[in-house]
Every structure is written in structure tokens, then in C-alpha cells.
Amino acid sequence: RTRILVSIGESFGTSEKFQKINQMVCTNDRQLKRGAEVSIAPKPLKRL
Amino acid sequence: AQECQNLEVEKQQRIERIKQKRSQLQELLLQQIAFKNLVQRNQHKEIWGPPSVNSTIQLPFLVINTSKRTVIDCSISSDKFEYLFNFDNAFEIHDDTDLLKRMGMSLGLETGKCSSEDLRTAKSLVPKALENYVTDMYTKHDLFLESSQTHSALDMA
Amino acid sequence: RSQELVKELQDLQVAEQQLESLIQMCTTQFKLLTEDPENKGSAYVTCQDLRSIADPSEQLVMVIKAPPETQMQVSDPKEAFQIAVKSTQGPIDVFLCPEE
């Protein structure tokens, strides 16, 4: 399986990687859940 | 003519690299401003006493959010060195920097919603040599608004 | 034109080197900032902060605290929504942000 690898546990510096992952996951969610199952995408976090 | 063409290509590549380095530097400044703001806020609150136990999450950390209706199958190794999560719905991953920005700790610099008062605060949180990069972030959003203006490559650099 | 370009390239090279040293300075400074014991104690967010961003009535918020160099693997979402987290320097803490 192809996997996206991220090193975590360091302070800061990984935001960009996660934005890409989130985009991929959410786009694929719609594809995976085509038809019967309802896709429940995570609600985007707020910005105060 | 050939030599000029090669130099033109090299110039564009260099300009591209400078743009990337500028945004990397601005990201570092945002992190520094957000971190200092968070520490100041917490130290200010701590005057009235420490936060209640188990209510704080020390940096650095990650957050994974998903719908409450998502079923998460989680396997954990006995020494807690390995976790495997299987979701039946989409999820999002955010790191602490992103959350601090969402909490407003970076004073809205990255979204162009920074007041002139906050700009002063932000500049006071970074070394003097870097203040103009903070001002750039503040004005950058104005620059995008005035997209008609053409800046020479060097100005942008 | 060629002489003009050579001059511009030299100026751009200086600008790029300046940026590199500023990035280096900022990175070092930030590391010192986050490792300063005085700051370390106050470098936290509260569950209340998380709840103000993620609506706890609809969202499940999982917090992962991992030692440095922990590897996170996210499977290709086309096949599964799977996240594997593997540490080599210590246990990983995972907890759910309480709803209230």
C-alpha cells in the first residue's frame, strides 16, 4: 500500500504536509462512499 | 542570445527559490509569534492560579478530528510505542501550529485580518532584523489587492 | 542585456543568501525559545481552547502526543482511512478531548 510518511513529535513545521493529507482524505471520502453509504466528512475546524 | 536565454532561465529559478525561502521565513515568524503569544497568554492567566489538572495539552502535539459518528478501530502495542487507527469515515490531521493560528495566536497575520495594533504587537515579538518581514505579511494582502502593480523581480526578492 | 542579467543575478544571489541566514537564525532562535524552561511550562493549550475550535457536539477530537522522530504513516485514502503511528524514543500518548 502506498503510504504518506510524516515525522511527528517535533515542535512545529508539519502543517503543510497535513494540509495535503487532509485534502486527499476528504476527496477520497466522497469517492469511497459513492452510492449507499453516507459520507460523513469531518467538520472543518473554526478560526477564531 | 543563447547566453542571455540561459541567464534568464537561471534568474527565474533563483526568483522562485527566493519566493519559497521568503514564505518559509514568514512561516517561522508566524510560529514564533504564535508561540510567544500563547506563552504570554498562559502566564497572564496563571496569575490567577495554575490551570486545572488534566485540562492542558503541552506542545508539541497533533490533533485528529473526525465526525462523532465515525467508528475508530484502534490497536495499541503493549509498550504504547505503536498505534494503528482504522476509521470508517474521513478524518483531518492538524498540528499545533495550525491550531495556534486558528486560536488567533498569530494575530491574523496569515489571513490578512491583522489590525495595526496587532501588527505592532507582532513586530515586538520578533527580532528587529525581521520586523519588515512581519510588515510584509501585513501589507502582502494589500499587495494582492493591488494586483495591478508590477513589482520588479528584485523588489519581490 | 547579458551584462544586465549577470548584475541582476548577483543581486538575487545576495538576496537569497540573506534569506538563508535569516531562516537559520530564526530556526535556532525558535528552538531555544521552545526549550527555554520558563516558556516550556506555559507552552500548552487547554481542552477549552480545542473545544473553541472543534465543535465537540459534532466532532471527535483525538490528541496525539509523541516523542521526537515518531513516524506517522497515513494509508492511501483510496484504499482505507488508516493511520499508523510508531515511536522509537518512548511511549505515545493518545487521548480524546472531553466534551465538556
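As the structure is a prediction and not an experimental result, all values here were calculated from the model. Just so it is clear: chains get the letters A, B, ... in the order the sequence lines come, proteins before strands, and each one is counted from 1.
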Report yes or no: do B/E46 and C/S42 form a side-chain donor-acceptor pair below 3.5 Å? yes

Under a 4.5 Å heavy-atom cut-off, does chain C meet the side chain of B/Q40, its backbone, both or neither? neither

Nearest 0.5 Å, what's the CD-CG distance between B/Q13 and C/L12? 12.0 Å

Does some side-chain heavy atom of B/I64 sit less than 4.5 Å from a side-chain heavy atom of C/I64? yes

Report, as yes or no, whether the 6.0 Å neighbourhood of atom CG on B/N54 holds more than 12 heavy atoms from other residues, nucleotides or ligands. no

Under 4.5 Å from a heavy atom of chain B, the part of C/P56 involved: backbone

Given heavy-atom pairs under 4.5 angstrom as the criterion, report whether the side chain, backbone, both or neither of C/I53 touches chain B. side chain

Minimum heavy-atom separation for C/I92 to B/Y83, with atom names? O-OH, 2.9 Å

When every non-hydrogen atom of C/V85 is compared with those of B/F85, the smallest separation belongs to CG2-CE1, 4.2 Å

Proximity breakdown for B/L130 and chain C, heavy-atom pairs closer than 4.5 Å: side chain

For C/Q73, which atoms come within 4.5 Å of any heavy atom of chain B: side chain, backbone, both, or neither? neither

Contacting region of B/F91 [heavy-atom separation from chain C under 4.5 Å]: side chain

Can you name the closest pair of heavy atoms from B/L29 and C/C26 and give their distance? CD2-SG, 3.8 Å

Within the supplied structure, the quantity of interest is the number of heavy atoms (other residues, nucleotides, ligands) at a distance under 6.0 Å from C/Q3 CD; does it exceed 12? no

To the nearest 0.5 Å, tell me how far C/L9 CG sits from B/E10 CD. 4.5 Å

Does a side-chain heavy-atom distance below 4.5 Å link B/L62 with C/M62? no

Using a cut-off of under 4.5 Å for heavy-atom pairs, which of C/Q89, C/E4, C/K86 has the most such pairs with chain B? C/K86

For residues C/Q29 and B/P127, determine if any side-chain heavy atom of one lies less than 4.5 Å from a side-chain heavy atom of the other. yes

So that I can tick it off, tell me whether C/D49 and B/R41 are bridged by a salt bridge, with the cut-off set at under 4.0 angstrom between side-chain N and carboxylate O. yes

Measuring from C/Y44:OH to B/F61:CZ, what's the distance to the nearest 0.5 Å? 13.0 Å

Ignoring hydrogens, what is the shortest heavy-atom contact between B/I57 and C/C47? Give both atom names and the distance. CD1-SG, 4.4 Å

Find the distance between CD (C/E58) and OG1 (B/T66) and round it off to the nearest 0.5 Å. 12.0 Å

Evaluate the salt bridge (Lys or Arg N to Asp or Glu O under 4.0 Å) criterion for residues B/K68 and C/D55: first the C-alpha distance (whole Å), next the side-chain angles of each, then the deciding distance (0.1 Å), finally the verdict. CA-CA 10 Å; B/K68 274 190 95 166; C/D55 180 355; over 6 Å; no

Relative to chain B, which segment of C/E38 carries a heavy atom at a distance below 4.5 Å: side chain, backbone, both, or neither? both

Shortest non-hydrogen contact from C/F81 toward B/D88: CD1-C, 4.3 Å

Chain B interface, residue from C/A43, C/A84, C/S87 that has the most non-hydrogen pairs under 4.5 Å: C/A43

Working to the nearest 0.5 angstrom, can you tell me the gap between C/L60 CG and B/T70 OG1? 7.5 Å

Relative to chain B, which segment of C/L96 carries a heavy atom at a distance below 4.5 Å: side chain, backbone, both, or neither? neither

Dump the intermediate steps for salt bridge (Lys or Arg N to Asp or Glu O under 4.0 Å) on C/E20 and B/R17, then the final yes or no. CA-CA 10 Å; C/E20 272 162 6; B/R17 284 205 305 271; over 6 Å; no

What part of C/A54 is in contact with chain B, defined as an atom under 4.5 angstrom from a non-hydrogen atom: side chain, backbone, both or neither? neither

What part of B/I72 gets within 4.5 angstrom of chain C, counting heavy atoms only: side chain, backbone, both, or neither? side chain

C/K40 backbone acceptor or donor facing B/Q58 side chain under 3.5 Å: yes

Name the region of B/E3, side chain, backbone, both or neither, that has any atom closer than 4.5 Å to a heavy atom of chain C. side chain

Pick from C/V63, C/D93, C/V45, C/V61 with the largest number of heavy-atom pairs that fall under 4.5 Å of chain B: C/V45

Measuring from B/L125:CG to C/L33:CG, what's the distance to the nearest 0.5 Å? 9.5 Å

Exam field: side chain B/K21 to backbone C/E16, donor-acceptor pair closer than 3.5 Å: no

Let's test your reading of the structure: which of B/L99, B/L25, B/V126, B/N6 forms the most heavy-atom pairs below 4.5 Å with chain C? B/L25

Check each atom of C/Q59 against the heavy atoms of chain B and say whether the ones under 4.5 Å are side chain, backbone, both or neither. both

Between B/C4 and C/L5, the two heavy atoms sitting closest are O-CD1, 3.6 Å

Please determine, among C/T46, C/V6, C/V94, the option with the most heavy-atom pairs under 4.5 Å with chain B. C/V94

Selection from B/E8, B/Q24, B/R102 maximising heavy-atom pairs under 4.5 Å formed with chain C: B/E8

Contact origin within C/E99 toward chain B - heavy atom pairs under 4.5 Å: side chain

